[in-house]
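Structure first, commentary second.
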There are 2 protein chains.
Amino acid sequence: MAASKGERTKERIVEVALELFREHGYDATTMRMVAEAAGVSLGNAYYYFASKDLLLQAFYREVHEAHVAAARPLLAAERTLVGRLRAVMLAKLEVIEPYHRFSALMFRSAADPESPLNPFHPAGDDIRREGEQLFAEALAGSSTKVPKALAAELPNLLWTYSMGIVLYWIHDRTEGRERTRKVIERTVELIASAIKLSSNPLLRPFQSKVLALVRDLQPLRE
Amino acid sequence: MAASKGERTKERIVEVALELFREHGYDATTMRMVAEAAGVSLGNAYYYFASKDLLLQAFYREVHEAHVAAARPLLAAERTLVGRLRAVMLAKLEVIEPYHRFSALMFRSAADPESPLNPFHPAGDDIRREGEQLFAEALAGSSTKVPKALAAELPNLLWTYSMGIVLYWIHDRTEGRERTRKVIERTVELIASAIKLSSNPLLRPFQSKVLALVRDLQPLRE
DNA sequence: GTCTATAACCGGATAGAC
DNA sequence: GTCTATCCGGTTATAGAC
């Protein structure tokens, strides 16, 4: 109850904003609508959120938290690597489905250098780190042994992969997102196969090249 | 010389717009500036370009054409697969370098479903098709034999890859884009290795799974 | 029917008074 | 912290000129 008046106002703004986003989408929701619905003036809304984009970040966080909440129970029931990856991805699909109508706009920041959704965005961003964390858990709890060198890079790679799936899903107009589901099924199988194959000595030189590349990619995150 | 008055006006608008983009970037260039520089009214500028984004498409086309022009002579001098891929990618880097300052804004459409730069954008778009064509040439002229099934999918995959490199480059603040250059070097080597490995019988089942996936990805392009 | 201009709208963002 | 008044730039409506 230590919430100051300001904190409560801020919370109220986020709340109505997310509701409006769900109802009308991001673009169709104006800052004026948000301000009015929250019972504050336009200028005052900007006092709390310096830009409309910052409100969108609140949306990402909500989606992320719903994703974690949806994925955990599924993970508890799966031991195979492929099953666990599938669970995480399908949970994501479930959570974002209500936003599909507006997804193009709401996820366009995925390519924006300033956005945490951008896979190349410099580190320090909570949402991406927590997303990677979820994949780390999916890997750690699986019955498949993942080589250590690979294990260090995989969460980050899988997070990037998941962003690619979201990008695909945005364009998927099929009933029940059938197409995206199929792509997820095929890709999680492939990823699991690739991880298992990676121990094969024939591929050793190839594998170490890939790892070296992946490690080189990182410093952009500073 | 059949250029009607309207065509000439349109051309003039594109011309000054690209110049202003180069000088100030996309966002800082206003439609009012473009109109004034082209010597037309604001409303008239909109008669020719229904949106600012359509002017940006003209920019993409120019960049693409410069890329092809820069890549062709390099390709003429390279026979190895790795050399040819490298040539195409480095030519790209050369061409886009002048826009690095503003790249975040100018390339943000890469994730926009409506943009031809989006790798998942439905087919029918010239620029992406021509980009794939360039990679098809790079492959066709190389000394490496590419399995037919793979050859059909590769141009499209390589184009997507090149978009990923651009996304990386956008975030690359290093001197001379050293980091991106290194990533290109490593990735073209990996790609060439992977193509060669793909003939290995041990990987046959893996390879066919990958190809099946890639083919499945396509129909989104309708 | 092709082209051009002026005025206005709309929504994100800011300034500055209280 | 809150407001009102404005700015600014993309976009549109619309009227008229060639």
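Throughout, protein chains are lettered first and strands after them, A, B, ... in sequence-line order, and every chain is numbered starting at 1.
The distance from the CD atom of B:Glu130 to the CZ atom of B:Phe135 is 13.5 Å, given to the nearest 0.5 Å.
Here C:dG11 presents its C1' atom at 15 Å from CG of A:Leu20, a figure rounded to the nearest Å. B:Phe49 has its CZ atom 21 Å from the P atom of D:dG9, to the nearest Å. A straight line from CG of A:Leu42 to P of D:dT2 spans 14 Å, rounded to a whole angstrom. In this structure, A:Asp27 places its CG atom 15 Å from P of D:dG10, rounding to the nearest Å. Rounding to whole angstrom units, CG of residue A:Leu55 and P of C:dA13 are separated by 10 Å. Computed from coordinates, the A:Tyr48 OH to D:dC3 C1' distance equals 12 Å when rounded to whole Å. Atom CD of A:Glu36 and atom C1' of C:dG11 are 14 Å apart (whole Å). Computed from coordinates, the B:Lys10 NZ to C:dT4 C1' distance equals 16 Å when rounded to whole Å.
With respect to the salt-bridge test (charged N to carboxylate O, under 4.0 angstrom), the residues B:Glu65 and B:Arg61 qualify.
Comparing B:Tyr26 and B:Lys5 against DNA chain D, the residue whose closest nucleotide sits nearer the 5' end is B:Tyr26.
For A:Arg32, the listed nucleotide lying nearest its side chain is C:dG12; candidates were D:dG1, D:dT11, C:dG12.
Contact annotation: A:Thr9 side-chain N/O to D:dT2 OP1/OP2 distance is under 4.0 Å. Note on A:Tyr46: a side-chain N or O is less than 4.0 Å away from OP1 or OP2 of C:dA13. OP1 or OP2 of C:dA5 has at least one side-chain nitrogen or oxygen of B:Ser41 nearer than 4.0 Å. Checking the phosphate oxygens (OP1, OP2) of C:dT14, no side-chain nitrogen or oxygen of A:Tyr47 falls inside 4.0 Å. OP1 or OP2 of C:dA5 sits under 4.0 Å from a side-chain N or O of B:Asn44.
Side-chain contact between A:His67 and A:Glu94 is absent, with no heavy atoms from C-beta onward closer than 4.5 Å. Using a 4.5 Å cut-off on side-chain heavy atoms (C-beta onward), B:Val188 and B:Tyr161 make contact.
Summarising the geometry of A:Thr29 relative to A:Gly25, their closest heavy-atom pair is OG1-O, 2.7 Å, with the distance given to 0.1 Å.
Within the 4.0 angstrom heavy-atom criterion, base atoms lie near A:Gly43.
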